[in-house]
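Both ligands and their constituent atoms are indexed starting at 1 by order of listing.
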Amino acid sequence: MVESTTDIKSKNPNQHNGTVTLTQDQNGDGIDKAKRKLYVESYGCQMNFSDSEIVASILSKDGFETTKNVDEADLVLLNTCSIRDKAEQTVRKRLTNFNKIKRAKPSMKIGVLGCMAERLKDKLLDEEKLVDMVVGPDAYRDLPNLVKELDEGRKAVNVILSKEETYADVSPVRLGSNGVSAFVSITRGCDNMCSFCVVPFTRGRERSRNPQTILEECKDLNAKNFKEITLLGQNVDSYLWYGGGLKKDFEKASDAAKASSVDFAQLLEMVAKEVPGMRIRFSTSNPQDMGDDVLRSIAKHDNICNYIHLPVQSGSSRVLKLMNRGHNRKEYFDLIDRIKTIIPDCGISHDMITGFPTETEEDHQETLSLMERVKYDFGYMFYYSERPNTYAERKMEDDIPLEVKKRRLNDIIQMQQKHSLENNKKHLGKIEEVLIEGTSKKSADEWYGRSPQNTVVVFPKGDEKPGDFVKVKIETCTTATLLGKRAE
Ligand code: SAH
Ligand code: F3S
């Protein structure tokens with residue numbers, strides 16, 4: 001899943017599927033909830049941004065309306081990320097900013113949600129004195145009760161992980177949306193247990209969401225004029241609905257439940273047919289779980305974008321084994337070859353980690369040679385950050401010096417930039433279908449959108465509007481962007 005850090009902008013509560021109730025004192029507890037304002041900030045992966053929309057929905061029923069102005073907030077929620085130490089440091093630094101605001105407005109309550117909440121639990125209350133509430137990713141339905149505890153002057157914690165929770169029936173409040181693209185969550189948790197990764201501990205075991213509720217959400221987005229849906233999960237290809245429950249318990253299900261189960265290839269087709277006018281994307285795929293049936297579903301439906309984010313993490317089979325990745329270098333290449341055969345113009349991106357324990361210069365060269373062979377369109381690259389309680393932290397020494405990790409990271413970034421530019425140059429003179437997302441950040445006179453392969457395309461404004469599909473002839477490019485003019 002692609003990570004980013006932005007503030008969630010304010011929204012119009014009336015956008016929210018008619019479920020916002022702003023009656024005065026609706027619980028009869030003397031607290032005027034109609035006037036309560038919620039400010040949410042999200043960090044980390046797309047799933048956190050999607051979860052914040054679920055949180056806003058749950059709290060809207062409790063009388064909260066969202067605001068983008070932190071000073072007027074009664075409740076501030078930070079939806080946090082634990083994936084690397086730096087992500088946690090960013091949140092801790094941000095929390096210190098709230099000291100001053102809270103001094104000016106002592107009634108303001110501060111809650112920490114997401115992966116840091118789950119990882120640190122009530123320790124966070126001791127470590128960060130201004131935090132009033134700690135809520136893990138599976139406990140958001142409990143927020144109205146937890147807020148009640150705050151109202152009664154207590155601190156509140158719920159970090160219980162669930163076997164079933166998928167928030168299937170919650171209609172997200174589309175926070176900070178561009179009105180064009182939306183996330184739809186399809187699985188929660190991860191069972192892969194990559195040895196470096198904290199996610200299985202913070203988000204729990206893998207479970208899938210009822211496909212009917214996914215289709216309903218997609219239809220609703222279509223009716224609201226959205227044009228693009230990204231199906232979200234830590235490991236989307238592992239999606240398996242058999243009536244509810246953990247993925248690992250599928251074998252124990254009844255024959256009838258197994259016979260009527262829905263896998264990811266089927267789900268993709270169901271969504272593609274349900275909303276034929278919308279672009280469908282998905283993230284993230286793990287190599288060991290991606291089968292040819294998924295590739296064929298992508299190839300079969302024009303509205304499923306020819307783009308796969310396929311993290312690999314290392315080019316060395318020795319390191320992949322230590323990472324507990326479930327695929328080696330050769331298996332990864334075989335998958336890449338099948339993708340290129342079944343979906344010839346497929347965009348492919350990656351995640352890569354440098355400096356995993358014991359990584360040698362030879363391992364690093366193998367990562368570079370893997371990149372040379374695949375020639376990714378883009379990638380998200382990191383140096384290894386040891387995470388508490390993971391297998392790697394418990395059993396391996398974090399033995400690669402920081403400057404070596406950083407130098408290797410720099411090597412792979414340089415190589416990726418070279419490949420991105422080479423790939424972008426192949427589009428010069430060609431016509432791309434672009435879905436306009438909004439005004440270019442660099443120029444008010446230009447639109448910004450993406451090609452099906454997920455490359456950013458910028459072109460001069462005419463009489464189009466965000467949400468339009470237009471054909472753009474590509475004239476120049478940079479490593480990250482294609483630039484052109486409308487072709488028709
Ligand atoms: N399956 C998830 C992965 C989330 S983490 C998804 O939906 O994408 C995103 C990326 O962060 C991983 O693919 C990995 O490259 C990187 N990452 C995870 N743990 C890390 C660690 N301990 N140090 C450095 N990078 C890490
Ligand atoms: Fe993490 Fe590996 Fe799952 S990177 S989210 S354990 S697929």
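- Screening Ser317, Ser316, Ser314 for a side-chain hydrogen bond (donor to acceptor under 3.5 Å, both in side chains) with Asp363, the sole residue that qualifies is Ser316.
- Close contacts of ligand 2 with Pro200, meaning ligand atoms under 4.0 Å from a residue heavy atom, involve 6 (S).
- Counted by atom type alone, Ser82 and Glu88 present one or more donor-acceptor pairs between their side chains at under 3.5 Å.
- Of all protein heavy atoms, the one closest to atom 1 (Fe) of ligand 2 is Cys197 SG, 2.3 Å.
- Atoms of ligand 2 lying under 4.0 Å from at least one heavy atom of Asn286, given by number and element, are 7 (S).
- When the heavy atoms of His350, Gln234, His309 are ranked by distance to atom 1 (N) of ligand 1, first place goes to Gln234.
- Contacts between Arg387 and ligand 1 below 4.0 angstrom, taking non-hydrogen atoms only, involve the side chain exclusively.
- Each of Thr354, Ile400, Asp398 was checked for a side-chain contact (heavy atoms from CB on, under 4.5 Å) with Tyr384, and the lone residue meeting it is Asp398.
- Ligand-side atoms of ligand 1 in range of Ile353: 14 (C), 15 (O), 17 (N), 25 (N), 26 (C), range being under 4.0 angstrom from any heavy atom.
- With values rounded to the nearest 0.5 angstrom, Arg373 atom CZ is found 8.5 Å from Leu370 atom CG.
- For the ligand labelled ligand 2, residue Asn235 lies outside the 4.0 Å heavy-atom shell.
- Listed by atom number, the atoms of ligand 2 under 4.0 Å from Gln234 heavy atoms are 5 (S).
- At least one heavy atom of Tyr383 sits under 4.0 Å from some atom of ligand 1.
- Between Phe98 and Tyr39, the angle of the ring planes goes over 60°, which puts this pair in the perpendicular group of the 30/60° scheme.
- Residue Cys190 counts as close to atom 3 (Fe) of ligand 2, with an N, O or S atom under 2.8 Å.
- Within the listing of ligand 1, atoms 12 (C), 13 (O), 14 (C), 15 (O) sit less than 4.0 angstrom from a heavy atom of Gln313.
- When the heavy atoms of Thr390, Thr202, Asn192 are ranked by distance to atom 7 (S) of ligand 2, first place goes to Asn192.
- Close approach of ligand 1 to Gly233 (heavy-atom distance below 4.0 Å) involves ligand atoms 7 (O).
- The distance from ligand 1 to the heavy atoms of Arg84 drops below 4.0 Å at these ligand atoms: 11 (O), 16 (C), 17 (N), 23 (N), 24 (C), 25 (N), 26 (C).
- The line from CD of Glu165 to CG of Asp142 is 10.5 Å long, rounded to the nearest 0.5 Å.
- The distance between the ring centers of Tyr380 and His309 falls below 6.0 angstrom.
- Backbone and side-chain nitrogen or oxygen atoms of Tyr384 are examined, and none is located within less than 3.5 angstrom of a nitrogen or oxygen of ligand 1.
- Atom 2 (Fe) of ligand 2 lies under 2.8 Å from an N, O or S atom belonging to Cys194.
- Closest of all the heavy-atom pairs between Thr187 and Tyr239 is CG2-CD1, 3.6 Å.
- Between Ile83 and ligand 1 there is a heavy-atom distance shorter than 4.0 Å.
- Between the side chains of Glu432 and His427, a donor-acceptor pair is found at a separation under 3.5 Å.
- Atom CZ of Arg450 sits about 9.5 Å away from atom OG1 of Thr455, to the nearest 0.5 Å.
- Annotation for ligand 1: atoms under 4.0 Å from non-hydrogen atoms of Phe382 are 10 (C), 11 (O), 15 (O), 16 (C), 25 (N).
- Under the 30°/60° scheme for interplanar angles, the aromatic rings of Tyr332 and His327 are found to be tilted.
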